[in-house]
Structures are given as structure tokens and as C-alpha cells.
Amino acid sequence: MQVLELLILPPASGLIAIVLGLLFWGRRLGKGLVFAGIAWLYVAATPLFAGWLLAGLERGYPVAPPLPEAAGAIVVLAGGRHPDAPEYGGETVSPHSLERLRYGARLHRDTGLPLLVSGGRVRGDEPAAEADLLADVLEGELGVAVRWRETESRNTCENALFSAHLLGEAGIDHVLLVSHALHMPRATWCFRRAGLQVTATPTLPAAGLSRHRGITVVLPQPRALWLTGQALHEYLGLVWYRVKWEVRIGK
């Protein structure tokens, strides 16, 4: 699935179209493929297109929503690791994970709710689970206690399944869910299908990229191309989860 996704997302998809077009340049199809590949790469790298994709994901998940009194815990989802960090003893949390756990710590201080961090070994051979890396930063650097560590999951739906099991043992069925805003549609779908009530508490929405002014909104930019890839990853994930996980966690 990962290889297929890389082939679908830009820039690979655009480059593949261009290469195929050059191979068949003598035919009308070849010229069309070259044009389509160039056009796709251009559009995918514009803030206007990236912002439009992101808005479709983040709409409906406002930052700093009203917090319900019924919530029993805060769940912070891991967002990756930095595997080569000798200054931190070998590995540490990725910037995405750091952004999420920082907001989780703030919610904990504001509400007093206990924290669950969720994330395992995605490849299976990493030295530590991502949840342990998150907990080390929360407890060792931010001075925030972690009540539960969910260390077995390898994707968002496993985050939900295994976290729901831990929280169920504590009698908790309503959580504040912390992740990036563009990840919230997939994350809330999984957690609700796993039987939890969810209040989405997203951090750092990226759709504001579309608020560029003037000519810059249609000029290709490296960050816009990266955000287009991130947004398309989420859309593909939503489709894939409905195919793969509906039977396993469907209710």
C-alpha cells in the first residue's frame, strides 16, 4: 500500500506521466501525458490547490472547541519519530509528535484530565514505541504525568482499538482527541468506530496556506507541494480505512 501511495501522490505521479509521455511522444497520447504531468505538478505545488484540499479535511474541526465536562481522558496520537538524534540518546519524537504532545500537555493543565499517549513501532523493529518517546518528553521535559501508554499500534485505527481497550478498563468512554487538524477526519472516524465518544481537539490547522494574497497563491512552492501530498494521503487513508477496517471495527 505504501509503494502504491507513493506512485499516486505528487511528485511521482506527475513525473511518471511525463516519462510515459516522452516514451510515446510520437503519438497524441504521449503529448497529452506530458502536458498532463506538467500541469498536475504545477497545480499540486500551488498554495491555492493545497489550501483547498486541506480545507476539505479541516472544515468542521475548529481549534479550541468547547470542552465537555463528560470527557474522562485526553488521547494524544503519535505523529512519527526522529530516528537519528544522538543528542537525545539515539531517537526522539518527530516535529509532528512534538506539536501534538505540546497541545496535549496544555489541555491537561487546563482540564486536569489524565493523559493517554498512543503509538507503537510502525515498522516493527524500532528500538522504542512512539508512545514511550512521547511519554519521555511529557514527563521528563514538560513535567506532565502520563497515565497510560498504548505501545502496540501501527496505524490510526489500531491507535483507536488499543486505546479504547485501555480506557474501557478504566471506565472511560469519552475522550479529548489530540492530533493535527488535517488528520482529524481519519482519527475521529477510527475512534468513534472503536466505541468511544470523541471531542476533536485539533492543533495547527494548515488550510490557512490558501490565504496567500496576489500572485503568490498560484505560484508553485515547495511547502505547498508537500502539503498537497499530506492532504492526499489523508483522503486516500479515509478511503482505505473504510475498505480495510469497516469489517474489523464496524458496528
Side-chain angles (χ1 to χ4, degrees), residues 1-61 77 79-83 94-96 99 122-123 154-158 179-190 193 200 202-248 250:
M1 178 61 184
Q2 185 177 12
V3 173
L4 178 61
E5 180 182 315
L6 290 174
L7 293 174
I8 293 173
L9 298 183
S13 53
L15 294 174
I16 290 171
I18 292 170
V19 170
L20 289 175
L22 292 174
L23 290 175
F24 296 97
W25 183 252
R27 304 177 185 178
R28 182 180 300 178
L29 174 63
K31 294 181 176 62
L33 284 171
V34 171
F35 175 80
I38 294 172
W40 169 232
L41 289 177
Y42 186 97
V43 170
T46 61
L48 181 64
F49 184 71
W52 176 71
L53 288 177
L54 290 164
L57 292 167
E58 297 175 352
R59 190 180 299 112
Y61 297 95
L77 302 182
R81 70 180 70 225
H82 195 302
S94 70
H96 270 70
E99 289 164 352
V122 176
R123 292 198 319 267
R154 295 168 297 172
N155 54 56
T156 305
C157 274
E158 288 189 356
S179 189
H180 281 81
L182 83 165
H183 183 232
M184 271 301 168
R186 187 154 55 104
T188 55
W189 184 87
C190 289
R193 299 300 284 179
T203 187
L204 299 178
L209 184 70
S210 63
R211 290 195 291 268
H212 283 236
R213 293 291 182 265
I215 192 65
T216 61
V217 77
V218 292
L219 289 179
Q221 299 176 26
R223 176 167 169 77
L225 180 62
W226 180 79
L227 285 171
T228 292
Q230 293 295 299
L232 290 175
H233 169 78
E234 291 301 322
Y235 283 112
L236 288 172
L238 284 167
V239 174
W240 176 245
Y241 277 21
R242 280 164 172 75
V243 173
K244 178 181 179 181
W245 291 94
E246 185 69 33
V247 173
R248 182 172 176 183

Looking only at heavy atoms, which two atoms of [X] and [Y] are closest? And how far apart?
{"X": "Y61", "Y": "T188", "answer": "OH-OG1, 3.2 Å"}
{"X": "A224", "Y": "A45", "answer": "CB-O, 3.2 Å"}
{"X": "G37", "Y": "A17", "answer": "CA-CB, 3.9 Å"}
{"X": "I8", "Y": "L236", "answer": "CG2-CD1, 4.3 Å"}
{"X": "V218", "Y": "T46", "answer": "O-CG2, 3.5 Å"}
{"X": "P202", "Y": "A181", "answer": "CB-CA, 3.7 Å"}

- Item | Identified side chain to side chain contact (heavy atoms under 4.5 Å, CB included) partner of F49 from the options L54, T228, L225 |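 Result for side chain to side chain contact (heavy atoms under 4.5 Å, CB included) with F49: T228.
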
pair [X]-[Y]: side-chain heavy atoms closer than 4.5 Å:
{"X": "T216", "Y": "P47", "result": "no"}
{"X": "T156", "Y": "W189", "result": "no"}
{"X": "P185", "Y": "Y235", "result": "no"}
{"X": "Q230", "Y": "W226", "result": "yes"}
{"X": "L227", "Y": "L182", "result": "no"}
{"X": "L238", "Y": "L57", "result": "yes"}
{"X": "L29", "Y": "F24", "result": "no"}
{"X": "H233", "Y": "R186", "result": "yes"}

- Spacing of CD belonging to E99 relative to CG belonging to L204, to within rounding of 0.5 Å: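 Output value for this atom pair is 5.0 Å.
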
For the pair [X] (side chain) and [Y] (backbone), establish whether a donor and an acceptor sit closer than 3.5 Å, ignoring hydrogens and angles.
{"X": "S179", "Y": "L77", "result": "no"}
{"X": "E58", "Y": "P205", "result": "no"}
{"X": "Y241", "Y": "A187", "result": "no"}
{"X": "K31", "Y": "G21", "result": "no"}

